[in-house]
Each structure stands twice: as C-alpha cells, then as structure tokens.
Enquirer: 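Sharing a structure here in structure tokens format.
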Amino acid sequence: MGKKLTRSFFNRPTIEVAKDLLGKYLIKGNFVGEINEVEAYDGAIDPACHSFNGKTKRTEVMFGKPGVSYVYFIYGMYHCFNVVTEKKGNGCAVLIRGVKPISPTNLKTNGPGKLCRAFNITKKDNCIDLCTSKNFYIEDRKVIPKIIKTSKRIGINKGKNFEWRFYY
DNA sequence: GTCCCGATTCTA
DNA sequence: AGAATCGGGACT
C-alpha cells in the first residue's frame, strides 16, 4: 500500500525524524496505526536518554543501525517502543507514544504502554530491523499533518527543558 | 547480592 | 496523589 521507510529516513537528525514520523503508518502483523505522538531522545546531549551514560546490554541497540527497534520494559508492567535514529554509534532514538488505530479501529493506543499492549509489542520485538522486516515496519501513506504541536516530554525527571514531544 | 528508581497507567 | 510491579544499573 504505502512505501516502507528506508534506512536513509532514519539516518538523519533525531528531531527531524521525530517530526517526520507523524502521519506515518506503523504496521505490526495485522495491526495498523497512524503515528500521532512521538518524543525525541538524543543521547549526545540528553540526560533523559537511556544511552546518555554509555553503552550497556540494554541500550546497546541504540548505538547500532538506524531503523532498528528499541523496545524496553518499564515500571514492571509496560513496554515502550522506539526507533533508533542517526548514524551508528550516536545512541539516539524516537519514542512512539501514540497512534490512531486504523486496524482494528477499537484499539486503545494513546500512550506508549497502551500502544505496545494493543499491538503486542514485547521484548521479543526488540532489535528488529524495521527497514527489512516483513511484518514490523513503518510506511509512508502520504499523510501530511497540517499542524504539529510541540511540548516538553512526559514522565521524565532529567532533560526536562527540551521541547521534544511532537503530536497533532 | 542489595537497593533504588523508572520515557506508565489506572484509580480516586 | 498514590498504588501496582519488576528489570536494569549502580554500588557493595
């Protein structure tokens, strides 16, 4: 249907990728959602970013190829889904915070934890290359958000000043 | 091994 | 405002 996002889309400055992900379609098996809320995490200057204090087993994937999924477990009960951005080694990613459910339309997908629960995204979906996967990827269906809103990020205690949450 | 905290969500 | 709930990471 749409065109799958390629490596070069993700291999750009994280803020740009974050904004450009709005209106794109997330595909996970039979689940489809239009991305409408994201947050940028730039490991170079952002203390809230998991990769800020260097590479660990968990954050290793963030230092890898752009376009690869970074899924982590949080608060003992939720998963959060990110896409790695920028060139290998930079440790940056975009958190997908919410989508508008397209298929099926009754899913509750407003919020990173709820999105992962609805789309069945778990640790086994960590480290998946979204540029080559057949059942987990993001595509462009030529939806252009008219107005992109910006705000501070949700639920963090560091890097509070960055206005790196984008939604519409 | 121990301890603290977290990119959330739901209830009130 | 508080609870639920447990893995990651820093530190001993």
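A, B, ... follow the sequence lines: proteins, then strands. Residue 1 opens every chain.
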Enquirer: At less than 4.0 Å, is any side-chain N or O atom of A:R117 found next to OP1 or OP2 of B:dC10? Yes or no.
Expert: yes

Enquirer: Answer with base, sugar-phosphate or nothing: what part of the nucleic acid does A:I156 contact at a heavy-atom distance below 4.0 Å?
Expert: sugar-phosphate

Enquirer: Provide the Watson-Crick or G-U wobble partner of C:dG9, both distances under 3.5 Å; none if there is no partner.
Expert: B:dC3

Enquirer: Using heavy atoms to find the nearest nucleotide of DNA chain C for A:M77 and A:H50 separately, return the residue whose nucleotide is more 5′.
Expert: A:M77

Enquirer: Do A:S133 and A:N135 have a side chain donor and acceptor closer than 3.5 Å?
Expert: yes

Enquirer: Taking atom C1' of B:dA7 as reference, at what distance in whole Å does atom CG of A:N110 sit?
Expert: 16 Å

Enquirer: To the nearest angstrom, how far is A:N82 atom CG from B:dT8 atom P?
Expert: 11 Å

Enquirer: Under 4.0 Å: is that the gap between some side-chain N or O of A:N157 and OP1 or OP2 of B:dG6?
Expert: yes

Enquirer: Strictly below 4.0 Å: does A:R58 bring a side-chain N or O up to OP1 or OP2 of C:dG7?
Expert: no

Enquirer: Rounded to the nearest angstrom, tell me the gap between atom CD1 in A:I74 and atom C1' in C:dA4.
Expert: 14 Å

Enquirer: Looking at every strand, decide which applies to A:G76 at a 4.0 Å heavy-atom threshold: base, sugar-phosphate, or nothing.
Expert: base

Enquirer: Is the Lys NZ or Arg CZ of A:K55 less than 6.0 Å from the centre of A:F63's six-membered ring, within 45° of the axis?
Expert: yes

Enquirer: For A:Y78, report the nucleic acid contact type (base, sugar-phosphate, nothing); a contact means any heavy atom under 4.0 Å.
Expert: base

Enquirer: What orientation do A:Y70 and A:H50 show, parallel under 30°, tilted 30 to 60°, or perpendicular over 60°?
Expert: perpendicular

Enquirer: What is the distance, rounded to the nearest whole Å, between atom CG of A:L95 and atom C1' of B:dT8?
Expert: 11 Å

Enquirer: Stacking check: are the rings of A:Y75 and B:dG6 less than 5.5 Å apart at their centres and under 30 degrees in tilt?
Expert: no

Enquirer: Does a distance-only test, which skips hydrogens and angles, find a donor-acceptor pair under 3.5 Å between the side chain of A:Y72 and the base of B:dA7?
Expert: yes

Enquirer: Just to be sure I understand the rule, does A:K123 reach a base, reach only the sugar-phosphate, or reach nothing, if contact means heavy atoms closer than 4.0 Å?
Expert: sugar-phosphate

Enquirer: To the nearest Å, how far apart are A:N53 CG and B:dA7 P?
Expert: 12 Å

Enquirer: Nearest whole angstrom, please: distance from the P of B:dA7 to the CZ of A:F73.
Expert: 14 Å

Enquirer: Measuring only between side-chain heavy atoms, which start at C-beta, is A:S69 closer than 4.5 Å to A:F81?
Expert: yes

Enquirer: When the P atoms of C:dT5 and B:dT2 are compared, how many Å lie between them, rounded to an integer?
Expert: 22 Å

Enquirer: Is A:K123 salt-bridged to A:D125, going by a charged N under 4.0 Å from an acidic O?
Expert: no

